[in-house]
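Right, one structure below, let's go through it.
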Amino acid sequence: MSTSTPARGAWRLVAEREITTRVREKAFLIGVAVTVVLVAGAVVAASLLSGRSSTEDIAVVGPEAAAIVQSADDGPIAQGGDTSFEAVEVASLTEAERALQDERVDAALVPGDDGGFRIIGLSSVDSTTEQALTAAVSQTVLQANAAAQDVDLDALSAGTTTTTSVLEKSPENEGARTAVATVMVILFLLTVMIFGLQIAQSVTQEKESRVVEILAAAVPIRALLWGKIAGNTVLALGQVVLVVVAGVGAALAVGELPFVRDVGWSLVWFLVLFLLGFVAMATLWAVAGSLASRVQDINSTTLPIQGLLFVPYFAVFAGNDSLTEVVSMVPIAATMVMPMRLATETVPAWQLGVAIGGTILAAVLLVRLGVRIYERSLLRTGTKLGYREALSLAAD
């Protein structure tokens, strides 16, 4: 008479064991807390820094230089950016240099020896400041010279202006969207790597210590696999959800509601694709652990999995838009790349459907294949097994 636990309920027991064991580890809890705090802090810091404006104090000698600084503050460079300019009047060149040395001003604008003007910095001059002041000097002096020569400057410069337009308008907050996309890719990669290695190590340690033989006597082997997949999926998805919620909460706290609306759906699809992709990858990690006979063997048995993760990662960041579009619909790789595209561009619905459908199909096939290998290799000890060798073994 068999004393083994039915597979239908056994996997739940294994999953609960995986979850309770991990949540009792201080290192795990501290790691989750630190990650959440870092993400929330990074969102707040990015929001504050992106909206921060700066004022450049310019020491000026004479009313004409002061008028030029005012013109720079009213000019397109200052109006189109986050930098403003304020004139600080001083009596002479010597006082302007002393103000620079005392760091009371950021730059100085003084009359030059050739009748023009000099821009002086302490060790360097900010490029934005130099461009704004240079443009203001040119415009102010040109207007003065035209008036002195009784020349209609407006008529003289008619037709010299240019306008810029684009065929495809970039989305608002393009820089922030790209940052979110990059974070999603890295978050998936790190989470799958960290949890995956822990799954592989756990399986190998149980196998090496012969604990798995005791477990297999009470629980069907495939239930052990399903339980490990389910338990670690809950842990990984829970951690990712906490990170996403922390990031969104921090963004809302600093008044970034419009931006959250812009990237909200990409975050939702990221969680969906993460769930599907992690299930497939967790199966592979567990299989890699079952193929190893010692913990030291894990590096070699997990090498194909690491390649499966890093090849699309490098292909995206080293490739072009066409390559990214293709990779975003490839199963597993879509988990990383499709959310990135959703955050930065408009993705056709059929491409999203292909990515999700392909990942679901890949997850089903990998789980079925993983069960076959896992059942054949888990109780085999002594030597490390290869994937083909494990498939050729008879089921226990």
Side-chain angles (χ1 to χ4, degrees), residues 171 177-200 229 232-233 235-237 239-241 243-244 247 263 265-289 291 298-371 373 387:
R177 285 170 177 263
T178 302
V180 169
T182 303
V183 168
M184 287 192 288
V185 172
I186 295 175
L187 182 60
F188 174 83
L189 189 63
L190 290 180
T191 303
V192 171
M193 285 291 295
I194 292 172
F195 277 88
L197 285 172
Q198 289 171 346
I199 292 171
I229 294 172
N232 284 279
T233 299
L235 290 168
L237 182 62
Q239 178 172 313
V240 170
V241 168
V243 171
V244 171
V263 300
W265 278 112
S266 67
L267 295 175
V268 171
W269 286 118
F270 168 67
L271 294 176
V272 172
L273 286 164
F274 176 88
L275 174 61
L276 298 173
F278 186 87
V279 169
M281 297 304 298
T283 305
L284 294 179
W285 288 109
V287 167
L291 295 176
I298 290 177
N299 285 336
S300 59
T301 59
T302 60
L303 192 60
I305 307 173
Q306 295 179 43
L308 188 62
L309 287 171
F310 281 101
V311 166
Y313 175 82
F314 288 117
V316 168
F317 287 100
N320 53 32
D321 292 342
S322 299
L323 179 61
T324 300
E325 182 176 335
V326 172
V327 173
S328 71
M329 291 181 283
V330 175
I332 308 301
T335 307
M336 284 190 288
V337 186
M338 181 56 73
M340 181 184 74
R341 288 186 60 206
L342 289 169
T344 56
E345 60 184 273
T346 300
V347 178
W350 70 268
Q351 293 186 6
L352 177 60
V354 169
I356 294 175
T359 303
I360 291 175
L361 179 61
V364 171
L365 294 177
L366 287 174
V367 169
R368 294 186 65 178
L369 179 63
V371 168
I373 299 177
Y387 288 88

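Note that the structure is a prediction, hence the values are computed from the model and not measured. Numbers here simply count residues along the sequence, with the first being 1.
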Do you know the tightest heavy-atom contact between [X] and [Y]?
X	Y	result
T359	A334	OG1-CB, 4.0 Å
A288	T301	O-OG1, 3.1 Å
A181	M340	CB-CG, 3.2 Å
L284	L308	CD1-CD2, 3.9 Å
N299	T302	O-OG1, 3.5 Å
A280	A363	CB-CA, 3.7 Å

Worksheet entry | Pairs involving residues 191-200, ordered by first then second residue, that meet side-chain hydrogen bond (donor to acceptor under 3.5 Å, both in side chains) (sequence neighbours left out) |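 Listed by first then second residue: R22-Q198.
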Just verifying a value: how many Å separate [X] [atom1] and [Y] [atom2], rounded to the nearest 0.5 Å?
X	Y	atom1	atom2	result
W269	I356	CH2	CD1	4.0 Å
M338	Q351	CE	CD	6.0 Å
T283	L366	OG1	CG	7.0 Å
L365	I360	CG	CD1	12.0 Å
M281	L309	CE	CG	4.0 Å
I199	L235	CD1	CG	9.0 Å

Worksheet item: How are the rings of F278 and F274 set to each other: parallel, tilted or perpendicular (split at 30° and 60°)?
Response: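 F278 vs F274 ring planes: parallel.
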Worksheet entry | Worked verdict on V371 versus R368 for side-chain contact (heavy atoms from CB on, under 4.5 Å) | CA-CA 5 Å; V371 168; R368 294 186 65 178; 5.9 Å; no
Can you find a pair of side-chain heavy atoms, one from [X] and one from [Y], that are under 4.5 Å apart?
X	Y	result
F188	F270	yes
M184	L267	yes
W265	L342	no
V240	L275	no

Fill in: Partner residues of V330 under the side-chain contact (heavy atoms from CB on, under 4.5 Å) criterion, sequence neighbours left out
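A333.
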Worksheet entry | Pairs satisfying salt bridge (Lys or Arg N to Asp or Glu O under 4.0 Å), at least one member in residues 329-342, at least two apart |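 The answer is R341-E345.
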Practice prompt. Quick one: do T335 and L276 satisfy side-chain contact (heavy atoms from CB on, under 4.5 Å)? Show the steps, please.
Written response: CA-CA 8 Å; T335 307; L276 298 173; 5.7 Å; no
Fill in: Worked verdict on F310 versus L189 for side-chain contact (heavy atoms from CB on, under 4.5 Å)
CA-CA 8 Å; F310 281 101; L189 189 63; 3.7 Å; yes
